[in-house]
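In what follows, a single structure is set out as structure tokens and then discussed.
In what follows, residues are counted from 1 in the order of the sequence shown. Note that this is a predicted model, so its numbers are computed, not measured. Both backbone and side-chain heavy atoms feed into the values below; hydrogens, waters and symmetry mates do not.
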Amino acid sequence: MSEAEQNNSGRVWLAAAVPVLLIGVFVVALSGDRDEPDPGCLPNIPVAPGGPGVDASTVWPIAAKVFSPFGQREDEFHKGADFAAPIGTEIVSATSGKVVAVGPASGFGNWIVIDTPTDTTATGGAQVISAVYGHMFDTGIKVSLGQYVTAGTPIAQVGNAGESSGPHLHFEIVPGGRLSGGTAIDPVGWLSEHAGPQPDTNAPDGGPAAPVLVAHSTSTLPPQTKGSEDHLQVDAIRLLRALAVTFPQITRFENWREADDIGEHPAGRAVDAMIPDYDTPGGQALGDQVVAYAHANAAAFGLVYTIWQRRYTPVDGTPNLMPETGDRTADHFDHVHLTVTGGGLPAPDLSLIQLSQPT
């Protein structure tokens, strides 16, 4: 065979062998031990080694009191817990995961659903656990569909959208997935287990401090033009004047009257702060601020409880939502009701209420 024929023969052999070699490489690559990626898994989300399959950095989504807990209501089962907070209060993601739903939702106005992969051995086979957030306004949502977030990331602001009687966060925990037929569990118990004790909801949190209160002769006290102090006990006078100074936009208070259903106004132990433009976001926020201020300074005022937009919030005890009557005043939508211990009627020549702003 000539040299040229030998070279051509080699070229033919090589041309035939290369595809075989490439197929062999491809087969070897497919025959390895590495599993194909699961399209349902969320990447880079660690599973907590010490808990039932949830990210170790789980946090409370908001520092606020629960006024409507998980469980049976009058005619329905409440699948979450409602945290009362002023409009605009920051909501953070309780877990790390992927935003699988965001935007309008029936009853919620708007919602956010964040799914986190779980340790199936610790959750009875559930592939994900959903955290659900509801009642935000359109402008209060800070995440988008498909976005990955970590626990503690700001995701929204408290709103009052949808079927809501006042600004609050509706929060759910759903093992098995909110969008895939999971079953909701008590989110407060779950948060307590995974994120530790609830943050202190009585802290002023940077809000206005109570004015300084000192004794002063009644002859030199400024006249009270926003509401009569007649027949009020000293705790109610102290609270009334503090509210008048701290919230100058409130121009009217309804205080003592001869009769009411409970007897607190006739006893001089109650103050009603009438909220201007109460049916607007600004008015709702003002009412929320009055409630927060009164509870932050409860000891100074002898506060017992407040009622605002049907939300009964005691200083000691569990908040709850009062039955709806359909009357805006009876349901406390146009005013914040505040009841105090009392302290007795003031001496005729001395008031305990001279106010000066704290420094």
Report task. Evaluate the side-chain proximity of L191 to W60: yes if any heavy-atom separation is below 4.5 Å, no if none is. Result -> yes
Report summary line: Here the pair of heavy atoms bringing S96 nearest to A151 is OG-N, 2.9 Å
Query raised in the report: Minimum heavy-atom separation for F333 to W308, with atom names?
Result: O-CZ3, 3.3 Å
**Report entry** Side-chain H-bond candidate by donor/acceptor type, E76 with H78, under 3.5 Å
**Finding:** no
Query raised in the report: Quick one: does W256's side chain get under 4.5 Å of S228's, heavy atoms only?
Result: no
Query raised in the report: Can you find a pair of side-chain heavy atoms, one from Q147 and one from K142, that are under 4.5 Å apart?
Result: no
Query raised in the report: Going through the distances and angles, do F301 and Y293 end up as a ring pair (Phe, Tyr, Trp, His ring centres under 6.0 Å)?
Result: CA-CA 11 Å; F301 299 138; Y293 170 73; 5.8 Å; yes
Query - R311 side chain near H332 side chain, heavy-atom distance below 4.5 Å - result: no
Query raised in the report: Looking at A236 and G268, what are the two nearest heavy atoms and their distance?
Result: CB-O, 3.4 Å
Query raised in the report: Going from NZ on K65 to OG1 on T313, what distance comes out if it is rounded to the nearest 0.5 angstrom?
Result: 6.5 Å
Query raised in the report: H168 vs H135 aromatic rings, parallel, tilted or perpendicular, using cut-offs 30° and 60°?
Result: tilted
Requested in this report: Side-chain contact test, heavy atoms from C-beta onward, threshold under 4.5 Å: evaluate it for V315 versus H295 and give yes or no.
Outcome: yes
Query raised in the report: Would you say T341's side chain and G302's backbone share a donor-acceptor pair under 3.5 angstrom?
Result: yes
Requested in this report: Identify the heavy atoms of I87 and P167 that sit nearest to each other, and give their distance.
Outcome: CG1-CB, 3.5 Å
Query raised in the report: Got L286 and F247 here, is their nearest side-chain heavy-atom distance under 4.5 Å?
Result: yes
Query - Spatial distance of atom CG (L169) from atom OG1 (T89) [nearest 0.5 Å] - result: 10.0 Å
Query raised in the report: Could you go step by step and tell me if D235 and R269 meet the side chain to side chain contact (heavy atoms under 4.5 Å, CB included) rule?
Result: CA-CA 7 Å; D235 287 341; R269 297 176 50 230; over 6 Å; no
Query raised in the report: Do side-chain atoms of D331 reach the backbone of T325 as a donor and acceptor pair under 3.5 angstrom?
Result: yes
Query raised in the report: Looking at A81 and V188, what are the two nearest heavy atoms and their distance?
Result: CB-CG2, 3.8 Å
Requested in this report: Please confirm whether the backbone N or O of G283 pairs with a side-chain atom of D277, one donor and one acceptor, at under 3.5 Å?
Outcome: no
Report task. Using the side chain to side chain contact (heavy atoms under 4.5 Å, CB included) rule, take I129 and W190 through it: C-alpha gap first, then chi angles, then the decisive distance, then the call. Result -> CA-CA 11 Å; I129 191 164; W190 185 89; 3.7 Å; yes
Query raised in the report: Is it true that atom NZ of K79 has more than 12 heavy atoms of other residues, nucleotides or ligands lying nearer than 6.0 Å?
Result: no
Query raised in the report: What heavy-atom pair brings T58 and A195 nearest, and what distance separates the two atoms?
Result: O-CB, 3.3 Å
**Report entry** Rounded distance [0.5 Å steps], CD in Q309 versus CG in D334
**Finding:** 10.0 Å
Query raised in the report: W111 vs F108 aromatic rings, parallel, tilted or perpendicular, using cut-offs 30° and 60°?
Result: tilted
Query raised in the report: Hey, what do you get for CD (E254) to CE (M274), rounding to the nearest 0.5 Å?
Result: 6.0 Å
Query raised in the report: Stepwise, does the side chain to side chain contact (heavy atoms under 4.5 Å, CB included) test hold for Y133 with I91?
Result: CA-CA 9 Å; Y133 311 78; I91 302 167; 3.8 Å; yes
Query raised in the report: Considering the options V92, I114, T95, I112, which one meets the side chain to side chain contact (heavy atoms under 4.5 Å, CB included) requirement together with V149?
Result: I114
Report task. Any chance you could measure Q233, atom CD, to L345, atom CG, to the nearest 0.5 Å? Result -> 5.5 Å
Query raised in the report: Among the clusters formed by ILVMFWY side chains lying less than 4.5 Å apart, do F83 and V174 turn up in the same one?
Result: no
**Report entry** Minimum side-chain heavy-atom gap I275-I250 below 4.5 Å
**Finding:** yes
Query raised in the report: Are M136 and V158 joined in one hydrophobic group, where the rule is that I, L, V, M, F, W and Y side chains link up if heavy atoms are under 4.5 Å apart?
Result: yes
Query raised in the report: Looking at side-chain heavy atoms only, is the closest gap between E229 and R241 below 4.5 Å?
Result: yes
Query raised in the report: In terms of the angle between their ring planes, are Y312 and Y305 parallel, tilted or perpendicular, with boundaries placed at 30° and 60°?
Result: tilted
**Report entry** Shared hydrophobic cluster, V99 / I62 (ILVMFWY, side-chain heavy atoms < 4.5 Å)
**Finding:** yes
Query raised in the report: Which distance, rounded to the nearest 0.5 Å, do you find between the CZ of R310 and the CG of L321?
Result: 4.0 Å
Query raised in the report: When clusters are formed by joining ILVMFWY residues with side-chain heavy atoms under 4.5 Å apart, either directly or through shared neighbours, do V340 and F253 land in the same one?
Result: yes
**Report entry** Heavy atoms from other residues, nucleotides or ligands near CG of D316 exceed 12 (cutoff 6.0 Å)
**Finding:** no
Query raised in the report: Just one of V291, D272, L243, I307 clears the side chain to side chain contact (heavy atoms under 4.5 Å, CB included) bar with L338, so which one?
Result: L243
Query - Flag if over 12 foreign heavy atoms under 6.0 Å of CD, Q249 - result: yes
Report task. Would you kindly confirm whether F70 and V113 end up in one hydrophobic cluster when ILVMFWY residues are joined by side chain heavy atoms under 4.5 Å apart? Result -> no
